[in-house]
Amino acid sequence: AQSVTQPDIHITVSEGASLELRCNYSYGATPYLFWYVQSPGQGLQLLLKYFSGDTLVQGIKGFEAEFKRSQSSFNLRKPSVHWSDAAEYFCAVGEVNNDMRFGAGTRLTVKP
Amino acid sequence: DSGVTQTPKHLITATGQRVTLRCSPRSGDLSVYWYQQSLDQGLQFLIQYYNGEERAKGNILERFSAQQFPDLHSELNLSSLELGDSALYFCASSVTGTPNSPLHFGNGTRLTVT
């Protein structure tokens, strides 16, 4: 079965520092990959998606992610983190039987 | 604002009771998904509907059921509630309900079973 792994449960970065959140997936073919963000008390919001083509995709709020087939990874990055980026981030994979599998999430804390 | 509306926002009920959660999808979206989010289980897929028909089933208990109505709104029914059912229940919608169709989430219904 397809699976999504986010190895880091919690990450703390200083405001202005760069950020990389890791995501690994297990799937036979090229999957449909997504990153979502969840602010406290809110639902999940789509940051970006990858289906095919250019392996570096840009999203909202200055985020980008890179698909690396050889490493089965889809890591999320941001060059300079803002305090408002503090939230929970979820990597997700679209499955052929139509449901979407989510990783366990990575909670981001931003230090002033 | 995602355009997905969930009601109620909060629900407190006792064990053994039955509740109904309601979801109105984003305008134009034909597919509705239900997810359960808890601290120990994370975000678990329950069930998906497309244009009124069940399309995919995940980790949904037999005590839980759902349906999507002709106007595309959906209801999730939870019965014989147990303490462990306390969680945040999310509804999400997408245009086509296919794996490449991003999901738009509501703000969730927080269910507390006492």
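Just so it is clear, the structure is predicted and the values come from calculations on it, not from any experiment. Every chain is numbered from 1, with letters handed out A, B, ... down the list of sequences.
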| task | Work out which heavy atom in A:Tyr32 is nearest to a heavy atom in B:Pro99; give both atom names and the distance. | result | CD1-CB, 3.4 Å
| remark: So CD of A:Gln38 and CG of B:Asn107: to nearest 0.5 Å the spacing works out to 9.5 Å
| query | Looking at B:Asn100 and A:Phe51, what are the two nearest heavy atoms and their distance? | reply | O-CZ, 2.8 Å
| said: What part of B:Ser101 gets within 4.5 angstrom of chain A, counting heavy atoms only: side chain, backbone, both, or neither? | reply: backbone
| note | Bottom line for B:Leu103: the part with an atom under 4.5 Å from chain A's heavy atoms is both
| Around B:Leu83, counting heavy atoms of other residues, nucleotides and ligands shown, do more than 12 lie under 6.0 Å from its CG? | yes
| request: Answer yes or no: does atom CZ of A:Arg107 have more than 12 heavy-atom neighbours from other residues, nucleotides or ligands under 6.0 Å? | output: no
| Is the number of heavy atoms from other residues, nucleotides or ligands under 6.0 Å of A:Ile60 CD1 greater than 12? | yes
| message | When you compare the side chain of A:Phe102 with that of B:Tyr35, does any pair of heavy atoms fall below 4.5 Å? | response | yes
| request: Assess the pair A:Tyr36 and B:Phe105: is the distance between their ring centroids shorter than 6.0 Å? | output: yes
| query | Hey, is NE2 on B:His10 packed in by over 12 heavy atoms from elsewhere, all under 6.0 Å? | reply | no
| Are B:Phe45 and B:Tyr89 connected in a single hydrophobic cluster, I mean Ile/Leu/Val/Met/Phe/Trp/Tyr linked by side-chain heavy atoms less than 4.5 Å apart? | no
| said: Can you tell me how far apart CD (A:Glu88) and CD (B:Gln37) are? Round to the nearest 0.5 Å. | reply: 7.0 Å
| request: Count the heavy atoms belonging to other residues, nucleotides or ligands that lie under 6.0 Å from CD of B:Glu53, then report whether that count exceeds 12. | output: no
